[in-house]
There are 2 protein chains.
Amino acid sequence: MDNLEKARGGRPRAFDPDRALDAAMHLFWEHGYEATSLAMLREAMGLTPPQIYNAFTDKETLFRKALIRYHQTEIGFALDALSAPVSTREAIRRLLLGAAEAYSRPGKPGGCLFVSGALAASPQAQAIADELKAYRKASEAAIAERLAKGRAAGDLPENLSVEGFAKYLAGVMNGMSIQARDGASVEELRILAQTALAALPAEGQKRGA
Amino acid sequence: MDNLEKARGGRPRAFDPDRALDAAMHLFWEHGYEATSLAMLREAMGLTPPQIYNAFTDKETLFRKALIRYHQTEIGFALDALSAPVSTREAIRRLLLGAAEAYSRPGKPGGCLFVSGALAASPQAQAIADELKAYRKASEAAIAERLAKGRAAGDLPENLSVEGFAKYLAGVMNGMSIQARDGASVEELRILAQTALAALPAEGQKRGA
DNA sequence: CAGGTTTCGTATCGATCACTATGGATAATT
DNA sequence: AATTATCCATAGTGATCGATACGAAACCTG
């Protein structure tokens, strides 16, 4: 049942679950959750329906596992940028420029899976749409946390609204995702990111200064 | 065939096509093109399938007519902002604040139909996705045109990249659409818009000054 | 009123959707 | 070798998809 621990007996699996999950992830990334049919997954993963269902339970579980894999393999730039021991301005710069690169990688679907996966959904897929929304909210919260840290360190003005600015940055990144999907090049996305950086407030005074 | 000109004979239509189109538009806005089924449309429009197909040809044509209606009835703020006889900065301010309001109207789906309608699509619906992309591109082009006018008038620095800045603004609006879909309030969207405005360059010198 | 035209309501159409029942094949365990 | 467990391939499940065939009903023109 679990594809991470070795089975104790029985016929061994004739395919690599991680490779199959990668193929599924890219398909979901390109077409979104609902518009990706089992027939498409079957062909892209090179598997029969029973193989897919035995390994990944059902389409919804497969998608959730694809989200986890996407988070682990495609958007490490975000955590890197937010956790790097650099100034807040530099961290945000790395975040936006990292997104410019990650959203326009050659050979990959444009934009971010968390945005493309299911912006709109049928009532039956509402749970999936909510899951993606939670991912987006978590990203915004991570940005807000970094901004709060920066404000506490004196990198940002004391009166800056951390939540408001995080919502701006998360919004810009979501907008970059759509621009990428519309064919924007990495250079165009970098320019967009640089432009967005201009909204950053000037360095705040250290407390007590 | 055309619902705009009076039929010359035959049994009269038992419903108002514009009201039905409105209902369809809101459903597409909420759930997107593909995730909106005929069954949902039937119920929301209060019509039988033959009534829908007789009046609107097919689902794709219905969606395209919904896009036109959306453009005419929901996002007039954009044309108003870009054509108002005000400074470029004020025009952009009205554009972004207008979006904040339009994307979070009570009783309406959050965000913009041009974004929610089909960010990702199945291969069969690629034409619809392309149509929406064209609408988004047209919006960006309209912004760029206004910026070019402003730069020529001395409202903006001569070295400003009109295309780059238009891509930023269009991206911010798309990002606002997603934030609205994620439940952002009109106040939060206004703050986002105001933040984005901070990236606007200072007024350029009049030529020759 | 007769003829022509369009829309009406009812009852579906074939295609595709996500998903699975069945039984043979291949491994570790005993 | 016998048992047990898992996976494989084939084929097909009911449900829903977008879209229609059919004939009766309701209007305009002559």
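Just so we're on the same page: letters track the sequence lines, and every chain starts at 1.
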Peer 1: Among D/dC17, D/dT20, C/dC8, which nucleotide sits nearest the side chain of B/P50?
Peer 2: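 Nearest to the side-chain atoms of B/P50, counting from C-beta on, is D/dT20.
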Peer 1: Provide, to the nearest angstrom, the distance between the CG atom belonging to A/L47 and the P atom belonging to D/dT10.
Peer 2: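 Atom CG in A/L47 sits about 14 Å away from atom P in D/dT10.
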Peer 1: Any base atoms under 4.0 Å from A/P12, or only sugar-phosphate, or nothing? Heavy atoms, all strands.
Peer 2: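 Contact class for A/P12: sugar-phosphate only.
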Peer 1: Under 4.0 Å, heavy atoms only, any strand: does B/T36 hit a base, just the sugar-phosphate, or nothing?
Peer 2: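 Contact class for B/T36: sugar-phosphate only.
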Peer 1: Would you say a side-chain N or O of A/Q51 is under 4.0 Å from OP1 or OP2 of D/dC7?
Peer 2: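 The answer is no; no side-chain N or O of A/Q51 sits under 4.0 Å from OP1 or OP2.
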Peer 1: On the nucleotide D/dA19, are OP1 or OP2 found under 4.0 Å from the side-chain N or O atoms that B/Y53 carries?
Peer 2: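 Checking B/Y53 against D/dA19: at least one side-chain N or O falls below 4.0 Å of OP1 or OP2.
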Peer 1: Using the salt bridge (Lys or Arg N to Asp or Glu O under 4.0 Å) rule, pick out the option among A/K137, A/K133, A/K167, A/R136 that qualifies with B/D182.
Peer 2: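 Checked A/K137, A/K133, A/K167, A/R136 against B/D182; only one passes salt bridge (Lys or Arg N to Asp or Glu O under 4.0 Å): A/R136.
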Peer 1: Could you tell me the separation between the CD atom of B/Q124 and the C1' atom of D/dC17, rounded to a whole number of Å?
Peer 2: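 Nearest whole value for this atom pair: 12 Å.
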Peer 1: Tell me which one of B/F28, B/F114, B/Y135 satisfies side-chain contact (heavy atoms from CB on, under 4.5 Å) with B/Y70.
Peer 2: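 In the set B/F28, B/F114, B/Y135, the residue that makes a side-chain contact (heavy atoms from CB on, under 4.5 Å) with B/Y70 is B/F114.
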Peer 1: Can the positive tip of A/K59 be found less than 6.0 Å from the middle of the six-membered ring of A/Y33, inside 45° of the ring normal?
Peer 2: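 Geometry flag: set, cation within 6.0 Å and 45°.
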Peer 1: Roughly, in whole Å, what's the span from NZ in B/K59 to C1' in D/dG18?
Peer 2: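 The distance from NZ of B/K59 to C1' of D/dG18 comes to 8 Å, rounded to the nearest Å.
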Peer 1: Counting heavy atoms from C-beta on, name the nucleotide in C/dA18, D/dA19, C/dT7 closest to the side chain of B/N54.
Peer 2: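 Selected nucleotide (nearest to the side chain): C/dT7.
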Peer 1: Would you please confirm or rule out a distance under 4.0 Å between OP1 or OP2 of D/dC8 and any side-chain N or O of A/R11?
Peer 2: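 Result: no.
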Peer 1: On DNA chain C, does the nearest nucleotide to A/P49 precede the nearest nucleotide to A/M40 from the 5' side, or the other way round? Give the residue.
Peer 2: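 Nearest nucleotide further toward 5': that of A/M40.
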Peer 1: Using a cut-off of less than 4.0 Å, is there contact between a side-chain N or O of A/T48 and OP1 or OP2 of D/dC8?
Peer 2: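 No, no such contact exists.
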Peer 1: Between D/dT16 atom P and B/E34 atom CD, what is the distance in whole Å?
Peer 2: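 The distance from CD of B/E34 to P of D/dT16 comes to 19 Å, rounded to the nearest Å.
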Peer 1: Does A/E43 have more than 12 heavy atoms from other residues, nucleotides or ligands lying within 6.0 Å of its CD?
Peer 2: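 Open: at most 12 neighbouring heavy atoms sit under 6.0 Å from CD of A/E43.
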Peer 1: In whole angstrom, what separates A/I52's CD1 from C/dC17's C1'?
Peer 2: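 Checked: the CD1 to C1' distance equals 14 Å.
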Peer 1: Above 12 or not: heavy atoms from other molecules or residues under 6.0 Å from CD of A/E145?
Peer 2: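 12 or below, so no.
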Peer 1: From CZ of B/F15 over to P of C/dT6, roughly how many Å is that when rounded to an integer?
Peer 2: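 Rounding to the nearest Å, CZ of B/F15 and P of C/dT6 are 15 Å apart.
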Peer 1: Could you tell me the separation between the CG atom of A/L38 and the P atom of D/dG12, rounded to a whole number of Å?
Peer 2: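 Nearest whole value for this atom pair: 18 Å.
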Peer 1: In whole angstrom, what separates A/R42's CZ from C/dT20's P?
Peer 2: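 Distance, rounded to whole Å: 15 Å.
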